[in-house]
Amino acid sequence: MTNPILTLSPRIRATPFSRRVEIAGPKAYTVYNHMRLASFFESVEADYHHLKNHVQVWDVACERQIEVRGRDATRLVQMLTPRDLRKLSIGQCFYVPIVDETGGMLNDPVLLKLADDRYWISIADSDLLYWVKGLAYGLHWEVDVIEPDVSPLAVQGPKADDLMARVFGEEVRQIRFFRFAPFEFDGHVFNVARSGYSKQGGFEIYMDDWALGERLWDRLMEAGQDLNVRVGAPNVIERIEGGLLSYGSDMTRRNTPHECGLGRFCDTFNAIGCIGRDALLRVASEGPVRQIRGLAIEGDAVPPCGVPWPIHGDEDGEDEIVGRVTSAFWSPDLKTNVSIGMVRMTHWKPGTRVWVELPDGARDATVRALPFI
Ligand code: THG
């Protein structure tokens, strides 16, 4: 690693692609599901422009899979989420809120149905495995819960289809959004989905044999030379503009899916057996009193949002804290600071003027609908 700000140890797990990522020289890493995740390479802004114009390969092995398998697999997975899984078919992905008994968000994974008795839960950054294993054990159901050797590799950007077609064949272009299918690579079969943590389009390859990681990586990089392929990573500017939330930052166990703007992924009434169903039926009928919003923050580029920044607003002539900003960055395309925060109902209407308390002073801001773009 070029800039050893992060002390490495086996506790911060390497991925099948880590040696390749290291050669590319990320300028920062973060830790996600106890695993390395590069933050950016050239600069956050340069990576952003490149992602929007070309194609990038991302080591997102940290999107760990929880495999749920067995006769009671469907029953157990339905217990985890208020989304109605009877509508999920084999070969399909669902973005699913996972909630506890109070309706609090535990994770916001992508769920893949591999077979009637087999699922992958592609998790965000929280230790969901223990919740699911605990339920399976406590219920004595016929189900196995494991973390398999699966490491997603994302190919994102407007040229992703062209690059993927060169490596996996023209048929990859036929994969529809949030669907997946098996594709062959050197005699081995990987699930390939049209999905990913960007709004630029692209795929995720569920690479399930550690030994093939570098070969797959090298093949993509070679095949994409004239497409200007680069190593990349989920980009904070692009994902804020696109309204993609980050679990642990933009939402925690203290938030319901409705507060997170994820009510459209809940069919709580029909999600029979779902943990937190009663709590969610209540909040769904009453409606949340605070909700995720975009905020355009005025002035020069903001510093990194390391701790939530209080949002202040006028309430009957008094200055009150009306929310918190949890993600923020300068957007070169929108020429303002884009941010995501939780905002109280009194101030959540787009266009509302507020001010944000940054570490280096106050900034005027305007509430915006998500996505920005
Ligand atoms: N892909 C996979 N696993 C993941 C992520 C991913 N696990 C961690 C993290 N990302 C989970 N969070 C999200 C957040 C948003 C989306 C996917 C995973 C997403 N949302 C789309 C949107 O909001 O526009 C589409 C949702 C839909 O319409 O169903 O893609 O990225 N494998």
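From a predicted model like this one, the values you see are computed outputs, not experimental measurements. All ligand and atom numbering here is 1-based and tracks the order in the structure. All heavy atoms count here, side chains included; hydrogens, waters and symmetry mates do not.
Only the side chain of Val110 comes within contact range of ligand 1, with a heavy atom under 4.0 Å; no backbone atom does. When non-hydrogen atoms are compared, ligand 1 lies under 4.0 Å from the side chain of Phe177 (C-beta onward) but not from its backbone. Contacts with ligand 1 closer than 4.0 Å are made by no heavy atom of Trp58, backbone or side chain. Contacts with ligand 1 closer than 4.0 Å are made by side-chain heavy atoms of Phe265 only, the backbone lying farther away. Within the 4.0 Å heavy-atom criterion, the part of Tyr206 lying near ligand 1 is the side chain and not the backbone. In Asp125, neither the side chain nor the backbone holds a heavy atom less than 4.0 Å from any atom of ligand 1. With a heavy-atom cut-off of 4.0 Å, Phe178 touches ligand 1 through its side chain alone.
Salt bridge annotation for Asp267-Arg86: absent, with no cationic side-chain nitrogen under 4.0 angstrom from a carboxylate oxygen. For Glu67 and Arg118, the salt-bridge test passes: some basic side-chain N is under 4.0 Å from an acidic carboxylate O.
Looking at Lys199, Glu204, Arg64 and measuring to atom 22 (C) of ligand 1, the nearest heavy atom belongs to Lys199.
Atoms CG and OG1, from Leu295 and Thr336 in turn, are 10.0 Å apart once rounded to the nearest 0.5 Å. To the nearest 0.5 Å, atom CZ of residue Arg368 and atom CD1 of residue Ile340 are 12.5 Å apart.
In this structure, Gln56 contributes its side chain and Gly157 its backbone to no donor-acceptor pair below 3.5 Å. Side chain of Asp149 to main chain of Trp210: a donor-acceptor pair is present (N/O by atom type, distance under 3.5 Å, no hydrogens or angles). Under the 3.5 Å distance criterion, the side-chain polar atoms of Asn337 are matched with a main-chain donor or acceptor of Val302. For the pair Asp47 (side chain) and Phe41 (backbone), a donor-acceptor distance under 3.5 Å is present.
Taking a 4.0 Å cut-off on heavy atoms, Phe94 fails to register as neighbouring ligand 1. Taking 4.0 Å as the cut-off, Tyr32 counts as a neighbour of ligand 1 on heavy-atom distance. Ligand 1 lies less than 4.0 angstrom from a heavy atom belonging to Gly196.
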Run the salt bridge (charged side-chain N to carboxylate O under 4.0 Å, His left out) check on Arg239 and Asp250 step by step: do they pass? CA-CA 12 Å; Arg239 74 106 180 145; Asp250 303 323; 2.8 Å; yes
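For atom 31 (O) of ligand 1, the closest heavy atom belonging to the protein is Tyr197 N, 3.3 Å. In terms of protein heavy-atom proximity, atom 3 (N) of ligand 1 is closest to Ser122 OG, 2.7 Å. For atom 13 (C) of ligand 1, the closest non-hydrogen atom on the protein side is Tyr95 CE1, 3.5 Å. Nearest protein heavy-atom contact of atom 20 (N) of ligand 1 is Leu244 CD2, 3.7 Å. Looking at atom 11 (C) of ligand 1, its nearest protein heavy atom turns out to be Asp108 O, 3.1 Å. The protein heavy atom nearest to atom 6 (C) of ligand 1 is Glu63 OE2, 3.3 Å.
Considering Asp319, Asp364, Asp314 as possible partners of Trp355, the one that fulfils the side-chain hydrogen bond (donor to acceptor under 3.5 Å, both in side chains) test is Asp319.
Near Ile123, the atoms of ligand 1 lying under 4.0 angstrom from a non-hydrogen atom of the residue are 7 (N), 8 (C).
For the residue pair Arg353/Thr366, the side-chain donor-acceptor check at 3.5 Å is satisfied.
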